[in-house]
Amino acid sequence: MSSVSGQPQFRYTQPPSKVLHLRNLPWECTEEELVDLGKPFGNVIRTKSNVGANKNQAFIEFADLNQAIAMISYYASSSEPAQVRGKTVYLQYSNRQEIVNSQTTADVAGNVLLVTIEGADARLVSIDVLHLVFSAFGFVHKITTFEKTAGYQALVQFSDAETASCAKNALDGRCIPSYLLSDQMGPCTLRITYSAHTDLSVKFQSHRSRDYTNPYLPVAPSAIDGSGQATVGSDGKKLEPQSNVLLASIENMQYVVTLDALHMVFSAFGPVQKIAMFDKNGGVQALIQYPDTQTATVAKEALEGHCIYDGGFCKLHISYSRHTDLSIKVNNDRSRDYTLSNIAASNSQPSILGQQPSATVGAPPHQYVGAQYMPSPSQPMVPQTTTGWVAAPVPQSMPMQVPSSMPPYGQPGVVPRSMPMQVPNSMPPYGQPGSVPYQMGPGMMHVPNQNGFPNPGAGNPYRLDRYQ
DNA sequence: AGCACA
């Protein structure tokens, strides 16, 4: 007695239930929207959204069976289909009689997120890229990655559930911005739920796991060669010998790049201990020393190929130096040891205090060294909360994603600005759910705000004054 | 576009 139409029988044979099964929902659909949908027909006592692999299904449960029947009947004969956010929603009786909420994992907010990376090239997404993406919302403590039936997944541990929620809300369903991926890679979508974990166990720094709270954690044997250098990146690719010291060369240097500008840029990833600038092959190069290789690696991967100034100016090319500890003889405008707070400047020249950035070609785009950021020989510049670091308004024309520690962008001729851009701490740079994420222009840098620490004034371990 | 706590 099967259907003559050839259509699956269940389409017409679902027995009534207080529970309705909805599909074709937008994944953003909230519980509240589900309640609103059912409200005209009765009392919605339970809902469950984001059901199914695509999170585009849901259930609503009425207090009374007749209410469910009323809703099904109405839309069965209505010319207007049920809709959520403009999408037609398909309704039917559920094959269950009530919604059971096993709120074991995915709905309970925790400080650890379970991230599924979708896409043909998902496995090529390095742990460092994930770190960069999630650091925009706060300090990432640990990351582990693994392969499950669900695909390539990662657990990302934040300090608290609030931070994790911000990251989840902003990133769930989004793609990793393409400029963080290599050119050949296709889109990689993030699907995020809460994990039941609260503290991940990371034994080694490796391709698969990282503990950012413990830079001294041993590197996994599998990632070390005979010389004690890590040979394999988190993406499994061969690496050049790593170092805590980076060699940066600056291409297309239309505008002068000062020691202080470099210090600002590289400090976004951790404490910069020393910088030495020099001329080579007609260009400017700099050595930047971090306390550890991990920090240098993050900085290198984040900054490589990006420009200090908008418009393709002062493009950075970064490699690992063979140095491990720079010898800074004097503190001057080309070299500085930030670990020494009381060293006298060379010849104690007051001139650098009054020195304006000068353009190597044309006029400078702006002077980014304002009064409060003037380097002082005895007091390396420290962004002080009291001097406008937090208060600096974000101009409308600037993208929200402007890295906080960067000198302000500007085209030549733009009115000089005297302080670095600051993204408001409370607002993640990804915008609100539902808005278009990643509106960053090409060539702009995307680095975690506040070095991954949401509050520059409290407990940021990268603050210079902590280790001066 | 087709049933959840895998």
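Letters A, B, ... are given to chains in the order of the sequence lines, protein chains preceding strands, and every chain is numbered from 1.
- As rounded to whole Å, 14 Å separates atom C1' of B:dA4 from atom CD of A:Q92.
- Under a 4.0 Å N-O distance rule, the pair A:E61/A:K48 does not qualify as a salt bridge.
- One interatomic measurement links the two molecules: CZ of A:F59 to P of B:dA1, which rounds to 17 Å at whole-angstrom precision.
- Summary of the strand contacts: A:G52 and A:N24 both lie near DNA chain B, and taking for each the nucleotide with the nearest heavy atom, the more 5' one is attributed to A:N24.
- Between the P atom of B:dA4 and the NE2 atom of A:H21 lies a distance of 8 Å, rounded to the nearest Å.
- With B:dC3, B:dA4, B:dA1 as the choices, the nucleotide that has an atom nearest any side-chain atom of A:K48 turns out to be B:dA4.
- Taking atom CD of A:Q14 as the reference point, atom C1' of B:dC3 lies 9 Å away to the nearest angstrom.
- Residue A:E98 is classed as a base contact, given a heavy-atom separation below 4.0 Å to a base.
- Atom P of nucleotide B:dC3 and atom CZ of A:R46 are separated by 21 Å, given to the nearest angstrom.
- When rounded to the nearest whole Å, the span between CD1 of A:I60 and P of B:dC3 equals 17 Å.
- Put simply, the side chain of A:Y152 reaches to within 4.5 Å of the side chain of A:T145, judged on heavy atoms.
- Contact between the side-chain N/O atoms of A:R23 and the OP1/OP2 oxygens of B:dC3 is not found at any separation under 4.0 Å.
- Rounded to whole Å, atom P of B:dG2 lies 16 Å from atom CD1 of A:I72.
- Counting to the nearest Å, the P atom of B:dG2 and the CG atom of A:L20 are 17 Å from each other.
- Ring-plane geometry between A:H131 and A:Y212 is classed as parallel, the angle between the planes falling under 30 degrees on a 0 to 90 degree scale with a further cut at 60.
- The pair A:E98-A:R46 fails the salt-bridge criterion, with no side-chain N (NZ, NE, NH1 or NH2) lying under 4.0 Å from an Asp/Glu carboxylate O.
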